[in-house]
Amino acid sequence: MIFFDNASSTPPFAEVITEFNKISSENYGNPSSTHKIGRLSRSILDDARDSIATTLGINATKILFTSSATEANNTIIHSLLYNSKIDKILTTKIEHESIIKPLLIQNNKSIVVIPINKNGLLDINYIAAQIDEKSCVALTIANNELGTIQPFQQVIELSKSKGAVTFFDCVQIVGKSSLEFISQADLVSVSSHKIHGLKGAAAIICKNRGLISPFIIGGEQEFAKRAGTENVAAIHCFALALKRYQTNWMQNYSILHEYRNIFLDELKSKSIQFEINTPLEHSIPNILNLSFPGFESEHLQLALDQEGICVSGGSACSSQSIVMSHVMDSLPISDNTKKSAIRFSFSIFNTRDEITECIHHLKSILNRR
Ligand code: PLP
């Protein structure tokens with residue numbers, strides 16, 4: 001099996017599995033309990049919070065654990081929509097659905113759509129013209145389908161100069177870039193299973209907890225901002241994975257960048273016709289979104305799957321019809337390019353041989369027509 005779908009989830013580090021088993025079996029106490037077993041769980045949770053804070057260069061009290069980045073994003077958008085100091089939310093059409101869907105509630109806020117180019121890069125001048133002190137700029141910093149990195153530093157500077165709030169979904173950028181900018185953003189979401197941790201743990205990082213209104217209620221956990229017993233073992237593993245992956249981001253970057261280049265070189269050497277939707281100079285290194293005009297993304301994806309190669313397409317089967325992803329659908333590119341888009345996303349655990357094998361199968365699938 002070749003797994004080139006690492007933007008959807010990643011294989012956990014071996015130590016993550018070992019630690020998960022250990023903590024789950026030995027430290028099963030509820031971290032809110034006051035007895036010894038509970039206090040042990042509490043200290044594991046506190047240590048994980050401290051470790052994440054150290055890795056990200058922030059204060060531990062800024063971290064609120066959630067079950068997923070979807071929950072983190074929903075909570076953040078919900079908080080913004082019900083914040084009387086915010087009138088306007090500036091965003092794009094290619095945000096993750098966990099941002100787009102809750103924004104539909106609107107709650108009398110003005111939702112301003114920032115234009116994007118064919119690679120998903122936003123128009124910073126548009127933000128400059130629209131932003132004011134009652135705005136929030138809500139952005140997915142590295143797009144999960146295209147890999148496009150938005151100009152976050154410019155957004156931070158513009159927002160600071162106007163007194164606006166910034167919300168950055170950083171799920172895909174962790175481990176592939178310096179994250180110094182996170183301490184300058186007001187609200188951030190990150191997820192564990194995208195960085196070789198486990199599913200079931202994620203976090204909101206907030207400069208000021210007053211910005212968050214609880215979305216899940218019925219308990220005082222997480223500074224009374226997110227009710228529900230914390231997933232101690234998964235959070236412990238989240239901290240481990242983040243420390244290992246983020247500390248080595250430069251090394252990760254060069255491995256992933258090399259894989260992407262090898263992939264492109266091999267495609268060219270096999271004379272395969274393709275278009276590149278990812279802006280190579282403004283993207284995280286592990287995502288390569290390509291179109292193979294004349295072929296349907298869905299069919300290519302299935303044919304690769306039959307060869308044991310996992311990738312993700314720009315469209316998916318939904319009951320009887322094929323539904324285009326909202327990201328591809330929002331790009332000012334031809335229908336042909338949209339319909340034939342495939343996302344290859346690599347991890348540091350992939351190998352060059354897997355790339356060669358993938359290209360070999362891709363070539364024969366494309367030749368079958
Ligand atoms: N944000 C981005 C950019 C993502 O890619 C994803 C997952 O694909 C999410 C949010 C949601 O993350 P989770 O799987 O932790 O809910």
Side-chain angles (χ1 to χ4, degrees), residues 3-12 16 52 63-78 80 91-103 116 120-122 137-150 152 155 166-177 179 181-182 185 187-205 215-216 226 228 230-231 234-235 237-239 241-242 245 256 277-278 282-289 310-316 325-328 330 341 343-347:
F3 191 68
F4 284 163
D5 195 21
N6 291 279
S8 70
S9 203
T10 50
V16 158
I52 291 177
I63 299 168
L64 307 176
F65 290 119
T66 62
S67 63
S68 62
T70 298
E71 185 198 325
N73 288 349
N74 274 227
T75 305
I76 291 169
I77 295 296
H78 179 263
L80 294 168
T91 191
T92 75
K93 281 191 177 167
I94 60 166
E95 299 313 307
H96 191 265
E97 287 210 302
S98 55
I99 295 177
I100 292 196
K101 286 280 159 74
L103 274 175
I116 47 165
L121 258 181
L122 61 76
V137 189
L139 296 172
T140 303
I141 288 310
N143 184 272
N144 49 300
E145 287 195 36
L146 298 161
T148 311
I149 298 182
Q150 300 298 2
F152 54 82
V155 173
T166 44
F167 159 38
F168 293 162
D169 172 328
C170 291
V171 168
Q172 296 286 350
I173 200 164
V174 175
K176 295 142 205 151
S177 159
L179 294 180
F181 69 93
I182 280 189
L187 295 157
V188 165
S189 58
V190 285
S191 180
S192 175
H193 74 104
K194 310 283 186 178
I195 55 167
H196 307 289
L198 298 170
K199 294 160 192 75
I204 294 172
I205 297 155
F215 190 54
I216 295 183
R226 194 275 185 184
E230 293 93 342
N231 189 344
I235 290 170
C237 294
F238 181 15
L242 180 71
Y245 199 49
L256 297 166
N277 303 314
T278 298
H282 299 282
S283 57
I284 44 173
N286 62 320
I287 292 186
L288 189 54
N289 189 309
C310 307
V311 298
S312 160
S315 53
S325 95
H326 73 281
V327 173
M328 294 316 292
S330 305
R343 178 187 71 186
F344 301 89
S345 54
F346 311 108
S347 92

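The shown structure was predicted, so the numbers you read here are calculated from the model rather than taken from an experiment. Both ligands and their constituent atoms are indexed starting at 1 by order of listing.
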Please answer whether the main-chain N or O of [Y] pairs with a side-chain N or O of [X] as donor and acceptor at a distance below 3.5 Å.
X	Y	answer
Asn286	Asn6	no
Ser191	Lys194	no
Thr166	Ala185	no
Arg226	Ala72	no

Check ligand 1 against [X] and write out every atom of the ligand that is under 4.0 Å from a heavy-atom position of the residue.
X	result
Gln172	3 (C), 4 (C), 5 (O)
Ser68	15 (O), 16 (O)
His193	13 (P), 14 (O), 15 (O)

field: Non-neighbouring partners of His196 that pass side chain to side chain contact (heavy atoms under 4.5 Å, CB included), sequence neighbours left out
entry: Thr10, Pro11, Phe13, Tyr245, Ser347, Ile348, Phe349
message: Just to verify, what does Leu64 make a side chain to side chain contact (heavy atoms under 4.5 Å, CB included) with, not counting sequence neighbours?
response: Ile204, Cys206, Arg209, Ile212, Glu222, Phe223, Lys225
Does the N or O separation between [X] and ligand 1 drop below 3.5 Å for any pair?
X	value
Thr140	no
Ala69	yes
Ser191	yes

Could you check [atom] against the protein and tell me its nearest heavy-atom contact, residue, atom and distance included?
atom	value
atom 4 (C) of ligand 1	His96 CD2, 3.3 Å
atom 16 (O) of ligand 1	Thr70 OG1, 2.6 Å
atom 7 (C) of ligand 1	Lys194 NZ, 2.7 Å
atom 10 (C) of ligand 1	Asp169 OD2, 3.4 Å

field: Qualifying residue, where the test is side chain to side chain donor-acceptor pair (under 3.5 Å) with Thr140 and the options are Glu95, His96, Glu145, Gln172
entry: Glu95
query: Would you say the side chains of Ser98 and Asn73 form a donor-acceptor pair under 3.5 Å?
result: yes
- line: Within the 4.0 Å heavy-atom cut-off, what Asn73 brings close to ligand 1 is side chain
